[in-house]
K.L.:
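My questions will all concern the structure given below.
Not measured: the values here are computed from a predicted model. Residue numbers start from 1 in every chain, and the chains themselves are labelled A, B, ... in the order their sequence lines are given, proteins ahead of strands.
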Amino acid sequence: MAIIINKKIYALVDCNNFFVSCERVFNPKLRQVPVVVLTNNDGCIIARSNEAKALGIKMAEPFFKCRDYLEANNVKIFSPNFRLYGDMSHRVMSELESFCSKVEVYSIDEAFLDLSEQHINDYHKWGQQLVDKVYKNIGIPVTVGIGANRTLAKIATEIAKHSPEMNGVLDLEGCHEKKIDEYLKKVEIQDIWGIGRKYAVKLRSLGFYSAYDLKNADIGWIRKKLTVMGQRIVMELNGKACRNIDDIRNTKKAIASTRSFGKYVTTKREIAEAVSLYVARAVEKLRRQKSRAESITLYIRTNPHKSGEQYYSNSGTAQLEYPSSFTPDFVKLALKILDNVYVPGKKYKKAGVFLTGIVPESVLQRKLFHKYDSDSVKINDNLMKCLDTINGAYGKRTLRLASEGFERRWYMKQNLLSKRFTSSWDELLVVGG
DNA sequence: TCTGGGGTCCTAGGACCC
DNA sequence: TCTGGGGTCCTAGGACCC
């Protein structure tokens, strides 16, 4: 009797130079010219068009260091427009659903498609159709890599991106094993998904330079050096499927809101304003995923890049008596922590809050010996619902806590922002205007 | 003058229990 | 001076991802 084992097969769809591509959709003048997008606060470069890459502009390069060079080469520069990118991402992901019933959104610009149960005769052709359709309907160029697991699909995408003759598609499953090995030999160790800078240094010092080298490593030994994560990578390079993406990614286990300040901040009052805003944002995310949280961590720090000044960073965590999603509960705690970690006389550059101990909204666990007043929780829930509704309809921060401040001189820099073409009536694209 | 933000998973080690 | 063994839970810290 034959035992049929369902063979796994995955595709990774990766948007090319995603943030740049989003800007280009609404501004055709940006095509064929070098374009970069910066991080918040116009700090570093996070996205580069191919033309910008060809100029030797590096990923994560601080903007102030290369500004002159960019301007001299007439590179178009943008502050990040995350509303626009989020919206475009959503459109791409919806389009992918017409190609596969199991789409795992992995990041703003990537999704894995589990093709194991799809009936596809020719994967390569299927991939090409996908690339064409997404570009035609949304205007975003994508690359598709296909393999026996997510690691190999990722590798296929990387190879396809650097091989123009592949036209954006590589199907490793359609290759003989020898051919796959040939590809793996060309993939450098630090380009494998899950091998970062530290591990790459370690592995190279031990004689592993390519994905092919790692594929043939002793698995027990790798486990000791790189934990089970490393073990799984080696198994996947050998064709087994064992790395999973958390299916329930939309309910997060931790929620953060952190930002650098647009300028140095010294007073506790200004930091308190920023912290109030970050808390408000984090708790809003918490409510959006229908959860409550029990503890909050706050950290503040000075500029770690500034030599000659003592770097200062400190954090504190505080617990509520029961899980909450009521913003003022967390603001109160955060400001109390701030009293403990704030040291006068320092130039602060960044602050952040993390919410942890997250539980579903419905599970309001009553802790013994603690006062839990269900009536006031109901009132607070309604108050927050009202606030979220108004902010949803009239724009974020229409209603906010007075503690967030009004001047906000610490707010991040965004000097080169493009318009919110897709999310603001005032900023729709004007044709022929 | 100017260096992002938001996540995940894993392990070691301490606290605590019987 | 001697000073068990085994389990669980929690947290901090380190690695990684985009």
K.L.:
Output yes when at least one side-chain N/O atom of A:T258 is less than 4.0 Å from OP1 or OP2 of B:dG6, else no.
P.N.:
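A:T258 to B:dG6 OP1/OP2: side-chain N or O found under 4.0 Å.
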
K.L.:
For A:W193 and A:Y199, I'd like to know if the aromatic rings sit close, meaning centre-to-centre distance below 6.0 Å.
P.N.:
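No, the ring of A:W193 stays outside the 6.0 Å limit from the ring of A:Y199, centre to centre.
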
K.L.:
Assuming nearest nucleotide by heavy-atom distance, tell me which of A:A254 and A:K65 is located more 5' along DNA chain B.
P.N.:
A:K65

K.L.:
Tell me if the CD atom of A:Q310 is crowded by more than 12 foreign heavy atoms within 6.0 Å.
P.N.:
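Incorrect, the count does not exceed 12.
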
K.L.:
Which nucleotide, B:dG5, C:dC18, B:dG6, lies nearest any side-chain atom of A:S260?
P.N.:
B:dG5

K.L.:
From the options B:dC9, C:dC17, B:dG5, select the nucleotide whose nearest atom is closest to the side chain of A:K253.
P.N.:
B:dC9

K.L.:
Measure the distance from CG on A:D14 to C1' on C:dC18 and round it to the nearest whole Å.
P.N.:
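Rounded to whole Å, this separation is 10 Å.
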
K.L.:
Can you find a side-chain donor-acceptor pair between A:S418 and A:N81 that sits under 3.5 Å?
P.N.:
yes

K.L.:
Is there a side-chain polar atom (N or O) of A:K306 under 4.0 Å from OP1 or OP2 of B:dC2?
P.N.:
yes

K.L.:
Does either side chain, that of A:S79 or that of A:Q414, offer a donor lying less than 3.5 Å from an acceptor on the other one?
P.N.:
no

K.L.:
Please determine whether a side-chain nitrogen or oxygen atom of A:K285 lies at a distance below 4.0 Å from atom OP1 or OP2 of B:dG7.
P.N.:
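Indeed, a polar side-chain atom of A:K285 lies that close.
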
K.L.:
Without decimals, in angstroms, what is the distance between A:W193 CH2 and B:dT8 P?
P.N.:
15 Å

K.L.:
Look at the side-chain N and O atoms of A:N303 and state whether any lies under 4.0 Å from the OP1 or OP2 oxygen of B:dT3.
P.N.:
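So the side-chain polar atoms of A:N303 do come within 4.0 Å of the phosphate oxygens OP1 or OP2 of B:dT3, strictly under.
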
K.L.:
For a quick test of reading the model, state the closest non-hydrogen atom pair linking A:G352 to A:T258 and the distance between them.
P.N.:
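For A:G352 versus A:T258, the nearest heavy atoms are CA-CG2, 3.5 Å.
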
K.L.:
Quick one, A:R292 with A:V377, criterion side-chain contact (heavy atoms from CB on, under 4.5 Å). Give me CA distance, side-chain angles, the key distance, then yes/no.
P.N.:
CA-CA 12 Å; A:R292 299 184 202 270; A:V377 167; 4.3 Å; yes

K.L.:
Is the shortest side-chain N/O distance from A:K154 to OP1 or OP2 of C:dC18 below 4.0 Å?
P.N.:
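A:K154 to C:dC18 OP1/OP2: side-chain N or O found under 4.0 Å.
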
K.L.:
Pairing donors with acceptors under 3.5 angstrom, does anything connect the side chains of A:K53 and A:N17?
P.N.:
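A pair is found: one side chain offers a donor N or O, the other an acceptor, under 3.5 Å apart.
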
K.L.:
Could you list by number each residue of residues 228-239 of chain A showing a heavy-atom separation from DNA chain B of less than 4.0 Å, or answer none if no residue does?
P.N.:
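Within residues 228-239 of chain A, the residues near DNA chain B are A:V228, A:M229, A:R232.
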
K.L.:
Between A:E361 and A:S291, is any side-chain donor less than 3.5 angstrom from a side-chain acceptor?
P.N.:
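Per modelled atom types, A:E361 and A:S291 side chains form no pair under 3.5 Å.
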
K.L.:
Need one value for A:K349: base, sugar-phosphate or nothing, where a base atom within 4.0 Å counts as base even if backbone is also close, heavy atoms only.
P.N.:
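A:K349: backbone/sugar contact only, no base atoms under 4.0 Å.
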
K.L.:
Students often get this wrong, so: under 4.0 angstrom with heavy atoms, is A:L38 touching a base, only sugar-phosphate, or nothing?
P.N.:
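If one applies the 4.0 Å heavy-atom cut-off, A:L38 turns out to touch nothing in the nucleic acid.
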
K.L.:
So does A:S260 get a backbone contact from the side chain of A:K349, meaning a donor-acceptor N/O pair under 3.5 Å?
P.N.:
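It does not hold such a pair.
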
K.L.:
Just how far, in rounded Å, is C1' of C:dA12 from OH of A:Y299?
P.N.:
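Taking OH of A:Y299 and C1' of C:dA12, I get 16 Å after rounding.
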
K.L.:
Which residues, if any, of residues 194-213 of chain A bring a heavy atom under 4.0 Å of DNA chain C?
P.N.:
A:G194, A:I195, A:G196, A:R197, A:K198, A:Y199

K.L.:
The side chain of A:Y106 is closest to which nucleotide in this list: B:dC2, B:dT11, C:dC17?
P.N.:
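Given the options B:dC2, B:dT11, C:dC17, the side chain of A:Y106 is closest to C:dC17.
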
K.L.:
Select base, sugar-phosphate, or nothing to describe what A:N41 touches, counting heavy atoms under 4.0 Å on all strands.
P.N.:
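If one applies the 4.0 Å heavy-atom cut-off, A:N41 turns out to touch nothing in the nucleic acid.
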
K.L.:
Using the P atom as the reference point in each nucleotide, state the distance between C:dT3 and B:dC17 in Å, no decimals.
P.N.:
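To the nearest whole Å, 24 Å.
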
K.L.:
Return the pairing partner of B:dG5 with a 3.5 Å limit on both distances, Watson-Crick or G-U wobble; otherwise return none.
P.N.:
C:dC18

K.L.:
What is the distance, rounded to the nearest whole Å, between atom CZ of A:F82 and atom P of B:dG4?
P.N.:
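For the pair A:F82 CZ and B:dG4 P, the rounded distance is 12 Å.
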
K.L.:
Can you find a side chain N or O atom of A:R281 that sits less than 4.0 Å from OP1 or OP2 on B:dG6?
P.N.:
no

K.L.:
Any base atoms under 4.0 Å from A:E61, or only sugar-phosphate, or nothing? Heavy atoms, all strands.
P.N.:
nothing

K.L.:
Is it the case that more than 12 heavy atoms not belonging to A:Y299 sit under 6.0 Å from its OH atom?
P.N.:
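Yes, OH of A:Y299 has more than 12 neighbouring heavy atoms, counting only those of other groups under 6.0 Å.
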
K.L.:
Closest to the A:H305 side chain: B:dG4, B:dG5, B:dC2?
P.N.:
B:dG4

K.L.:
Is the ring centre of A:F78 less than 6.0 Å from the ring centre of A:F19?
P.N.:
no

K.L.:
A:I46 CD1 to B:dG5 P: how many Å, rounded?
P.N.:
10 Å

K.L.:
Whole-Å distance between C:dA12 P and A:N314 CG?
P.N.:
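Between P of C:dA12 and CG of A:N314: 13 Å.
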
K.L.:
Once you round it to whole Å, what is the distance between C1' of B:dC2 and CD of A:E71?
P.N.:
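Taking CD of A:E71 and C1' of B:dC2, I get 13 Å after rounding.
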
K.L.:
Run the ring-centre check on A:Y212 versus A:Y183 and record whether the distance is less than 6.0 Å.
P.N.:
no

K.L.:
Give A:F354 one of three labels, base, sugar-phosphate or nothing, depending on what nucleic acid heavy atoms sit under 4.0 Å from its own.
P.N.:
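It contacts nothing in the nucleic acid.
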
K.L.:
Heavy atoms from C-beta onward define the side chain here; which of B:dT3, B:dG4, C:dC18 lies closest to that of A:T39?
P.N.:
B:dG4

K.L.:
Rounding to a whole Å, what distance do you find between A:R223:CZ and B:dC10:C1'?
P.N.:
10 Å

K.L.:
Starting at the 5' end of DNA chain B, which residue's closest nucleotide do you reach first, A:M412 or A:R67?
P.N.:
A:R67

